[in-house]
Amino acid sequence: WIFVSLFAFFGCGQLVLLLYQSNVIGKTLTATKRSVDSAERTAAEFETPFLFPVLVSSSVAEDLHSLAGQENPERTASPRVSFKIKNFGRTPALLQRASAVFFVGELEEAHNDAVSGRLPELMLEPLGSLTAPLEREMDQAMDQPALEKLKSQSARIYLRGRITFLDVLGNRYEQIFCFTWDLETGGFIPWGPHRNRRKRLSSKRRRLS
């Protein structure tokens with residue numbers, strides 16, 4: 001009986017140890033699978049094309065200077081801005097649409113792009129960009145009251161828009177962007193992380209050849 005008891009005791013111990021090892025191995029495999037899945041998702045995101053505007057030129061500084069130096073309260077100015085769309089990703093993209101509004105006021109105001117429309121579908125290689133820049137004129141001419149609002153920071157100059165494109169697998173994406181004119185630096189700066197983000201749309205069209 002002593003021998004049988006010892007045998008049963010060691011047998012139970014081995015069983016408990018085996019179960020413990022199986023549990024540890026299972027958790028390790030689960031953690032490894034999660035790490036692999038996360039790495040695959042990160043790699044896929046990293047390989048996805050990333051389209052974003054690159055500002056080429058603007059007349060904002062000159063127009064603001066001309067308004068500030070005028071004593072005529074009726075004087076107005078219509079600033080213009082031009083930009084290219086560049087693919088900062090590592091894979092090609094098929095550009096479909098690009099809309100942008102250029103205005104002075106509050107960010108949440110509703111503005112429509114008067115020249116928005118479907119672009120001729122253009123393939124943008126990695127680090128490639130549109131050959132001809134897109135140009136927008138401020139939707140309403142600036143006057144002296146608008147200039148005073150800019151100085152008091154109760155209003156800002158914004159360039160806001162969105163870009164839609166396909167990746168090589170036919171997945172459709174939308175990139176929104178927003179820039180504002182910084183009076184201190186005299187140039188445009190990105191405005192708000194949530195205003196400059198990319199999301200994948202639900203529709204799926206075709207693979208790019």
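- Considering all non-hydrogen atoms of both residues, Cys178 and Tyr158 come closest at SG-CD2, 4.1 Å.
- Taking the six-membered ring where the residue is Trp, Phe102 and Phe188 present tilted rings, their angle falling between 30° and 60°.
- Minimum heavy-atom separation, Leu67 to Arg75: CD2-O, 3.5 Å.
- Side-chain polar atoms of Gln175 and Arg197 form no donor-acceptor pair below 3.5 angstrom.
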| task | Begin with the C-alpha distance, continue with both residues' side-chain angles, and end with the deciding distance and a verdict on salt bridge (charged side-chain N to carboxylate O under 4.0 Å, His left out) for Arg172 and Asp167. | result | CA-CA 7 Å; Arg172 193 160 175 256; Asp167 65 10; over 6 Å; no

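- Within the model, atoms CZ of Arg162 and CG of Asp113 stand 11.0 Å from one another, a figure rounded to the nearest 0.5 Å.
- A cation-pi geometry, defined here as NZ or CZ lying under 6.0 Å from the six-membered ring centre and within 45° of its normal, does not hold between Arg160 and Trp191.
- A search for ring-ring contact (aromatic ring centres under 6.0 Å, His included) contacts involving Phe177 returns nothing, not counting sequence neighbours.
- Listed by chain and number, the residues in a ring-ring contact (aromatic ring centres under 6.0 Å, His included) with Phe52 are Phe50, Phe179 (sequence neighbours excluded).
- Looking only at distances, no side-chain donor or acceptor of Ser78 sits under 3.5 Å from a matching main-chain atom of Met138.
- Side chain of Arg198 to main chain of Ile176: no donor-acceptor pair is present (N/O by atom type, distance under 3.5 Å, no hydrogens or angles).
- Hydrophobic clustering of Ile, Leu, Val, Met, Phe, Trp and Tyr side chains at less than 4.5 Å, counting indirect connections, keeps Leu107 apart from Trp181.
- In the hydrophobic cluster analysis, where Ile, Leu, Val, Met, Phe, Trp and Tyr join through side-chain heavy atoms closer than 4.5 angstrom, Leu55 is grouped together with Ile85.
- Residue Thr91 comes nearest to Thr48 through the heavy atom pair OG1-C, 3.8 Å, listed as atom of the first residue, atom of the second, then distance.
- When all heavy atoms of Pro92 and Val168 are compared, the pair lying nearest together is CD-CG1, 3.7 Å.
- Leu150 and Ala155 make their closest contact through CD2-O, 3.4 Å (heavy atoms, listed as atom of the first residue, atom of the second, distance).
- Among all heavy-atom pairs drawn from Ala77 and Asp63, the shortest one is CB-CB, 3.8 Å.
- Side-chain atoms of Ser59 come within 3.5 Å of backbone atoms of Arg80 as a donor-acceptor pair (strictly under, hydrogens ignored).
- One hydrophobic cluster, built from ILVMFWY side chains closer than 4.5 Å, holds both Leu134 and Leu95.
- In terms of modelled atom types and a separation under 3.5 Å, the side chain of Ser82 and the main chain of Pro133 share no donor-acceptor contact.
- Applying the ring pair (Phe, Tyr, Trp, His ring centres under 6.0 Å) test to pairs two or more places apart or on separate chains, none has a residue in residues 57-97.
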